[in-house]
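Step one of this worksheet: look at the structure below.
Atom set for the values below is all heavy atoms of this structure, side chains included, hydrogens, waters and symmetry mates excluded.
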Amino acid sequence: MIKISASLLAADFARLGEEVRLVEKAGCDMVHIDVMDGHFVPNITMGPMIVKAIRPHTGTFFDVHLMISEPERYAGAYIKAGADGITLHAESCGDHLREVVEEIKAQNVRVGCAISPDTPWTVLDPVLPLLDMVLVMTVYPGFGGQNFIEPTLQKVWALRRLYPELDIQVDGGLNEETVGEAVRAGANVIVMGTAFFGSKDPRELVKSIREMERR
């Protein structure tokens, strides 16, 4: 089943409580929360206090994407604040990837691992059996509103054929045109930011994407 995660990076930050309620009302499966530290990526966004502040406004799954250095130092704070799932970047963990995944998984949350456009999916070999989800970035992490990088879907194809039951998420440049390509490649978790929050009818957008599974 296709799952849809609305990225708060494209939301109105002055109305975050209302925006997460909109995500739930539209029928999304997840709220995607991009965390950036100005070090791993050249931007700074939401800390644990923001997650804690918006948590009471919705029961929707909080999908926290840590685009930060040393994710193991901060994951616990996000979990305490209300994260239901933590996705860390393979590139930020180096040789300690398996250790970090195990440490976060022990905190009773779903764990995902993200790879940037230039990173081969094979770096995940040591942890794939432990993961609940793989996030294939279809843009370079750090900023919303970028153009979709089509060759990244080759990684989605490869992962889907080897792991038919794995949640494979795609994030970056996804809209009504590019989502179809991602779904055909094997992605089943779709992150939408600009397309979702800029839509005149978010509920209809969510419905139309889910129907792609039947085509």
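Using a 4.5 Å cut-off on side-chain heavy atoms (C-beta onward), C28 and S5 make no contact. Taking the side chain as every heavy atom from C-beta outward, L22 and P202 approach each other to under 4.5 Å. No side-chain heavy atom of L66 sits under 4.5 Å from any side-chain heavy atom of T87. A 4.5 Å side-chain heavy-atom check between V51 and P48 finds every atom pair outside the cut-off. Within the 4.5 Å cutoff, side-chain heavy atoms of C113 are placed close to those of L88. No side-chain heavy atom of I54 sits less than 4.5 Å from a side-chain heavy atom of T58. Looking at L153 and F148, their side chains come closer than 4.5 Å, going by heavy atoms from C-beta outward. D37 is not listed as a side-chain neighbour of M67, based on a closest heavy-atom distance of 4.5 Å or more.
Placement of F13 and I33 within a single hydrophobic cluster is found when ILVMFWY residues are connected by side-chain heavy-atom separations under 4.5 Å, directly or transitively. Under the 4.5 Å side-chain heavy-atom criterion for Ile, Leu, Val, Met, Phe, Trp and Tyr, F61 and V109 are members of distinct hydrophobic clusters. Under the 4.5 Å side-chain heavy-atom criterion for ILVMFWY residues, a single connected hydrophobic cluster contains both L8 and Y74. One hydrophobic cluster holds both M46 and F62 under the rule that ILVMFWY side chains link at heavy-atom gaps under 4.5 Å. Residues V189 and I115 are members of separate hydrophobic clusters, defined by side-chain heavy-atom contacts under 4.5 angstrom among Ile, Leu, Val, Met, Phe, Trp and Tyr.
Between Y78 and G47, the closest heavy-atom pair is OH-CA, 3.2 Å. For the pair S92 and I68, the tightest heavy-atom approach, listed with the atom from each and the gap, is CB-O, 3.3 Å. V156 approaches A187 most closely through the heavy-atom pair CG1-N, 3.4 Å. The shortest non-hydrogen separation linking A53 to P56 is O-CD, 3.4 Å. Smallest separation of non-hydrogen atoms from A6 and V23: CB-CG2, 3.7 Å. Taking each heavy atom of I86 and A75 in turn, the nearest pair found is CD1-O, 4.2 Å.
With hydrogens and angles ignored, the 3.5 Å screen pairs no side-chain donor or acceptor of S7 with any backbone N or O of D34. Without hydrogens or angle criteria, S116 side chain to D118 main chain gives no donor-acceptor distance under 3.5 Å. Checked by atom type and distance alone, the side chain of E19 pairs as donor or acceptor with a backbone atom of D12 at under 3.5 Å. Under a 3.5 Å cut-off, the side chain of T45 and the backbone N or O of M36 do form a donor-acceptor pair. R210 places no side-chain N or O within 3.5 Å of a backbone atom of M1 that could act as its donor or acceptor partner. Judged by distance alone, the side chain of S69 and the main-chain N or O of H39 form no donor-acceptor pair under 3.5 Å.
Residues passing the side-chain contact (heavy atoms from CB on, under 4.5 Å) test with V179, sequence neighbours excluded: L174, V183, I190, M192, I209, M212. Partners of P117 under the side-chain contact (heavy atoms from CB on, under 4.5 Å) rule, at least two apart in sequence or in another chain, are M137, Y140, P141, I149, T152. By the salt bridge (charged side-chain N to carboxylate O under 4.0 Å, His left out) test, K52 pairs with no residue at all, sequence neighbours left out. In this structure E103 satisfies the salt bridge (charged side-chain N to carboxylate O under 4.0 Å, His left out) test with no other residue, sequence neighbours excluded. With sequence neighbours excluded, no residue forms a salt bridge (charged side-chain N to carboxylate O under 4.0 Å, His left out) with E72. With sequence neighbours left out, R203 forms a salt bridge (charged side-chain N to carboxylate O under 4.0 Å, His left out) with no residue at all.
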Side chain to side chain contact (heavy atoms under 4.5 Å, CB included) between V170 and V191, worked out: CA-CA 6 Å; V170 285; V191 178; over 6 Å; no

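By the 6.0 Å contact criterion, CD on Q154 is open, its count of non-hydrogen atoms from other residues, nucleotides or ligands being 12 or less.
Applying the salt bridge (charged side-chain N to carboxylate O under 4.0 Å, His left out) test to every pair with at least one member in residues 73-91, sequence neighbours left out, gives these pairs: R55-D84, E70-R73. Within the structure, ring-ring contact (aromatic ring centres under 6.0 Å, His included) pairs that include any residue of residues 162-211 do not occur (at least two apart or interchain). For residues 165-174, the set of pairs meeting the side-chain hydrogen bond (donor to acceptor under 3.5 Å, both in side chains) definition, not counting sequence neighbours, comprises K3-D167, H32-D171, D63-Q169, R110-D167, D167-N188. Within the structure, the salt bridge (charged side-chain N to carboxylate O under 4.0 Å, His left out) test picks out no pair touching residues 182-192 (sequence neighbours left out). Residues in residues 84-109 take part in these ring-ring contact (aromatic ring centres under 6.0 Å, His included) pairs, two or more places apart or across chains: F40-H89, H65-H89.
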Check residues 123-136 and write down every donor-acceptor pair under 3.5 Å in which the side-chain atom is one partner and the other belongs to a residue at least two apart or another chain.
unit_1, atom_1, unit_2, atom_2, d
D132, OD2, K105, NZ, 3.0
D132, OD2, V111, N, 2.9

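Rounding to the nearest 0.5 Å gives a distance of 9.5 Å between CG of L97 and CG of D95.
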